[in-house]
S.K.: 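Here you go, one structure.
Just the heavy atoms: all of them, side chains too, but no hydrogens, waters or symmetry mates, feed the values below. Labels below follow one simple rule: chain letters A, B, ... track the order of the sequence lines, proteins then strands, and each chain is numbered from 1.
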There are 2 protein chains.
Amino acid sequence: MARTPAPGTRRRILEASAKLFGEQGVRAVGMQQVIDATGVGKSLLYREFASKDELIAAWLRESDAQWWERAEEVTAPHSGDPARQILALMEFFHASVREPDFHGCIYYNTSSEFREPGHPGRQEAKLHLKGLCNWFRDKGVEARAEDPDALADMLMLIVGGTLANGEVLGETGPARMALAATELVLRQYAPNALTTATR
Amino acid sequence: MARTPAPGTRRRILEASAKLFGEQGVRAVGMQQVIDATGVGKSLLYREFASKDELIAAWLRESDAQWWERAEEVTAPHSGDPARQILALMEFFHASVREPDFHGCIYYNTSSEFREPGHPGRQEAKLHLKGLCNWFRDKGVEARAEDPDALADMLMLIVGGTLANGEVLGETGPARMALAATELVLRQYAPNALTTATR
DNA sequence: GTCTATAAAAAGATAGAC
DNA sequence: GTCTATCTTTTTATAGAC
């Protein structure tokens, strides 16, 4: 009880890291900037996170958990209607591109910033994206898709294309087609499920 | 004639930069590494490129020119058949993901590495991607698509999704659907053109 | 426990030697 | 013209003051 740091310390560091890493990119942000933003001492930061790589990994893991919480909120109202849940999640992606401080997907971005095969940034990115792909596949099964894996990969194509193009070209570029593309894919890969979802 | 550097200097610097920036990412590579890889002196490098940003811009511009040369080679054989040209270019993208030293698209990657609005990395990325989008639109017009802009943005979604997912998840992931997705989009947005292309 | 000072290495860029 | 040495800042990380 007495040897652990102040309770809010770790959370504050992660919040500051999320803001800085997300807005400027990971390699663009030094540990000193994280320290300045939190007001925490250098020694304490390195006590919580032994290295920058550990901080990166913790940030991505926490972001993954928080993202799934919001995704649940968006899809829960359409429980039992997998096609509409998929469309709701895709609308959620599209909305993120429209936000003024959108800077791309932290998983695609961070993975591309660290090319070393075993880097935590790559591993967490892979985990997050595979998790999303699995969610799509499960919804595909629920929607009685003939090939749920193909459906899931198609939807991942739309997600990646929406976020990658959104980062460079903004919301008025290819990202604007996210929902239309999703409907097109659903009509092809889960036609029965879609008839109930969109007139 | 006598005050210009050795003729191959600039080209050698650009070739070394292309390899290093492409494989490791731009922020991960220092100017010293470029110097070590070329054998050129530091002063000479800064005579050719006044700053790292200038080197980045020159690298991306040169890569754009070289990319369009190869794209021409791939699409030229199908001149007059825009749907097939689009499919050929998409197959070209898919093939790049399959290459053992694929590290994502240098334009999506570099744009995400430099968030400052006016950064040359962002500007060149925007130019390249808009150029590609325009090429798709022109082919859409040639293919008598009802909405060539929508078709182009749909295809950009597939390109971005293929390259972004390919960087993280490899060729066996969503990238494998690139061609099927293209056919689906063509069938929807340029159905007449496609009948001649795929049985 | 928490912060300040300080490594030690690497970054981008410049000045000067030949 | 070309390379070497240096400058300044910034990076990640550690040791020590309180």
S.K.: Distance check needed: D:dC3 C1' versus B:R12 CZ, whole Å only.
M.R.: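 Distance check: B:R12 CZ to D:dC3 C1' gives 13 Å.
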S.K.: Measure the distance from CG on B:L44 to P on C:dA15 and round it to the nearest whole Å.
M.R.: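 Answer to the nearest Å: 17 Å.
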S.K.: To the nearest 0.5 Å, tell me how far A:Y107 OH sits from A:L129 CG.
M.R.: 8.5 Å
S.K.: A:R27 and A:E113: salt bridge (Lys or Arg N to Asp or Glu O under 4.0 Å), yes or no, with the steps?
M.R.: CA-CA 7 Å; A:R27 290 200 113 112; A:E113 278 200 279; 5.6 Å; no
S.K.: Take atom CD of A:E48 and atom C1' of C:dC3, then tell me their distance rounded to the nearest Å.
M.R.: 15 Å
S.K.: Strictly under 3.5 Å: I want the nitrogen or oxygen pairs between protein and nucleotides 11-13 of chain D, one per line.
M.R.:
{"residue": "D:dT12", "atom": "OP1", "partner": "A:K52", "partner atom": "NZ", "Å": "2.7"}
{"residue": "D:dT12", "atom": "OP2", "partner": "A:M31", "partner atom": "N", "Å": "2.7"}
{"residue": "D:dA13", "atom": "OP2", "partner": "A:K52", "partner atom": "N", "Å": "3.0"}
{"residue": "D:dA13", "atom": "N6", "partner": "A:K42", "partner atom": "NZ", "Å": "2.2"}

S.K.: Between A:A178 and A:I158, which heavy-atom pair has the shortest distance, and what is it?
M.R.: O-CG2, 3.7 Å
S.K.: B:E15: what forms a salt bridge (charged side-chain N to carboxylate O under 4.0 Å, His left out) with it, not counting sequence neighbours?
M.R.: B:R11
S.K.: Side-chain donor-acceptor pair under 3.5 Å between A:S111 and B:E167, yes or no?
M.R.: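 Per modelled atom types, A:S111 and B:E167 side chains form a pair under 3.5 Å.
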S.K.: Rounded to the nearest angstrom, tell me the gap between atom CZ in B:F114 and atom C1' in C:dA11.
M.R.: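 After rounding, the gap between these two atoms is 13 Å.
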S.K.: Distance check needed: C:dG12 C1' versus B:R47 CZ, whole Å only.
M.R.: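 B:R47 atom CZ is separated from C:dG12 atom C1' by 17 Å.
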S.K.: Figure out the CZ/P separation between B:F49 and C:dT14, and round it to whole Å.
M.R.: 16 Å
S.K.: Applying ring-ring contact (aromatic ring centres under 6.0 Å, His included), name anything that partners A:F21, two or more places apart in sequence or on another chain.
M.R.: A:W59
